[in-house]
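Inspection log for the structure reproduced underneath, given as structure tokens.
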Amino acid sequence: RLAESAFDRVLHAHSVRRALGKTFDPMFLSLALGRAVQAKPIALLFTTVADTGFVQDATIAVRLAEVSDLARIRAIDDGFFDTDEEIGIAVDRRQLFLYVASDNLIGCGLVQPVIEGRSFYDIGMLVNPLRRGLGIGEHIVRHLKAHCLTRGLRPICCCSIENAASRACLEAAGFRSRHRTIEFRF
């Protein structure tokens with residue numbers, strides 16, 4: 001009962017109309033489902049690594065991004081990054097990798113802590129639109145996963161529930177989804 005009254009106070013005091021919850025949080029799910037007008041799954045959460053394999057493709061060079069790479073990254077970006085500042089922060093924190101083949105930028109990979117000081121790291125990738133459908137996304141995800149695992153980190157990732165291509169890529173790269181992100185409307 002204490003959790004219910006606290007949850008209700010937060011909803012009302014802050015005029016909460018929308019909230020996101022994960023299916024691995026039973027307390028929040030119970031509270032939100034009991035009050036929501038609508039609940040809709042919006043993303044797949046990939047937290048299980050079923051295959052740890054990775055073999056570096058000798059034709060793909062991997063390196064950390066630098067500030068001077070901004071124009072090249074923007075040239076292939078189709079909305080993965082919101083702003084140049086976001087790219088700059090990832091570069092400064094050494095979280096952004098570039099994947100280059102024959103001097104062409106074929107993709108980027110991002111590795112960021114979910115919560116500073118914890119072992120869970122969110123990984124994401126962007127593939128050059130001209131190179132999609134060639135297995136590059138899977139290669140990038142496998143590299144990022146191996147990068148995390150060799151450092152004792154737990155790689156996780158997610159994608160929109162409607163994004164069949166990303167889901168197929170993440171599953172081919174050895175991830176399994178057992179959880180969802182739910183959007184609640186109050």
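As the structure is a prediction and not an experimental result, all values here were calculated from the model.
- Think of Leu45 as one node in a network of Ile, Leu, Val, Met, Phe, Trp and Tyr side chains linked at under 4.5 Å; its network also takes in Phe24.
- The shortest heavy-atom contact between Arg176 and Glu171 is NH1-O, 2.9 Å.
- With values rounded to the nearest 0.5 angstrom, Arg142 atom CZ is found 9.5 Å from Phe175 atom CZ.
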Taking distance alone, no hydrogens or angles, what donor-acceptor pairs closer than 3.5 Å link side-chain atoms of residues 107-130 to residues at least two apart or in another chain?
| unit_1 | atom_1 | unit_2 | atom_2 | d |
| --- | --- | --- | --- | --- |
| Asn128 | OD1 | Leu130 | N | 2.9 |
| Asn128 | ND2 | Leu105 | O | 3.0 |

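- A pairwise comparison of heavy atoms in Ala3 and Met27 identifies CB-SD, 4.0 Å as the closest pair.
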Residues His179, Phe46; criterion ring pair (Phe, Tyr, Trp, His ring centres under 6.0 Å); working and verdict: CA-CA 7 Å; His179 295 286; Phe46 293 84; over 10 Å; no
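- Residues that satisfy the ring pair (Phe, Tyr, Trp, His ring centres under 6.0 Å) test with Phe81, not counting sequence neighbours, are absent from this structure.
- In this structure, Leu2 CG and Glu4 CD are separated by 9.5 Å, a value rounded to the nearest 0.5 Å.
- Note on ring orientation: taking the six-membered ring where Trp is involved, the planes of Phe184 and Phe186 are parallel (angle under 30°, cut-offs 30° and 60°).
- A single hydrophobic cluster is not seen to contain both Leu96 and Val62; linkage of ILVMFWY side chains at heavy-atom distances under 4.5 Å, directly or through other members, places them apart.
- The closest side-chain heavy-atom distance from Phe97 to Leu144 is below 4.5 Å.
- Between Leu44 and Ser177 the shortest heavy-atom distance is CB-OG, 3.8 Å.
- Two residues are said to be in side-chain contact when any heavy atoms from C-beta on lie closer than 4.5 Å; Val141 and Leu170 meet this criterion.
- Panel note: side chain Ser30, backbone Pro26; no donor-acceptor pair is recorded below 3.5 Å.
- Taking CG of Leu134 as the reference point, atom CZ of Arg132 lies at 11.0 Å (rounded to 0.5 Å).
- Of the inter-residue distances, the one linking Asp103 atom CG with Arg72 atom CZ reads 6.5 Å to the nearest 0.5 angstrom.
- Checked by atom type, the side-chain pair Asn104/Ser102 shows no donor-acceptor distance below 3.5 Å.
- Between Asp69 and Arg63 the shortest side-chain heavy-atom distance falls below 4.5 Å.
- Both Leu98 and Ile87 are members of a single hydrophobic cluster when ILVMFWY side chains are connected at heavy-atom separations under 4.5 Å.
- Of the inter-residue distances, the one linking Arg180 atom CZ with Thr23 atom OG1 reads 7.0 Å to the nearest 0.5 angstrom.
- Here Asp82 pairs with nothing under the salt bridge (charged side-chain N to carboxylate O under 4.0 Å, His left out) rule; sequence neighbours left out.
- Ile73 and Tyr99 fall into different hydrophobic clusters, where Ile, Leu, Val, Met, Phe, Trp and Tyr residues are linked whenever their side-chain heavy atoms come under 4.5 Å apart, directly or through other members.
- Nearest approach of His139 to Ile60, heavy atoms of both residues: CD2-CD1, 3.7 Å.
- Classification of the Phe28-Phe7 ring pair by plane angle, with boundaries at 30° and 60°, yields perpendicular.
- By the 6.0 Å and 45° rule, Lys145 does not stack over the aromatic ring of Phe54.
- Scanning all heavy atoms of the two residues, the minimum distance from His147 to Arg151 falls at O-NH1, 2.9 Å.
- Taking hydrophobic clusters as Ile, Leu, Val, Met, Phe, Trp and Tyr residues chained together by side-chain heavy-atom distances below 4.5 Å, Leu31 does not share a cluster with Leu20.
- Residues passing the salt bridge (charged side-chain N to carboxylate O under 4.0 Å, His left out) test with Arg178, sequence neighbours excluded: none.
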For residues 154-163, which side-chain N or O atoms pair as donor and acceptor with protein atoms under 3.5 Å away, sequence neighbours left out?
| unit_1 | atom_1 | unit_2 | atom_2 | d |
| --- | --- | --- | --- | --- |
| Ser160 | OG | Glu162 | N | 3.3 |
| Ser160 | OG | Glu162 | OE1 | 2.8 |
| Asn163 | OD1 | Ala165 | N | 3.4 |
| Asn163 | OD1 | Ser166 | N | 2.9 |
| Asn163 | OD1 | Ser166 | OG | 3.4 |
| Asn163 | ND2 | Ser166 | OG | 3.1 |

Test salt bridge (Lys or Arg N to Asp or Glu O under 4.0 Å) applied to Asp25 and Lys22, step by step: CA-CA 6 Å; Asp25 186 346; Lys22 313 284 195 247; over 6 Å; no
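- In terms of hydrophobic clustering, with Ile, Leu, Val, Met, Phe, Trp and Tyr side chains grouped at heavy-atom distances under 4.5 Å, Leu64 and Ile140 are assigned to a common cluster.
- To the nearest 0.5 Å, atom CG of residue Leu11 and atom CZ of residue Arg35 are 7.5 Å apart.
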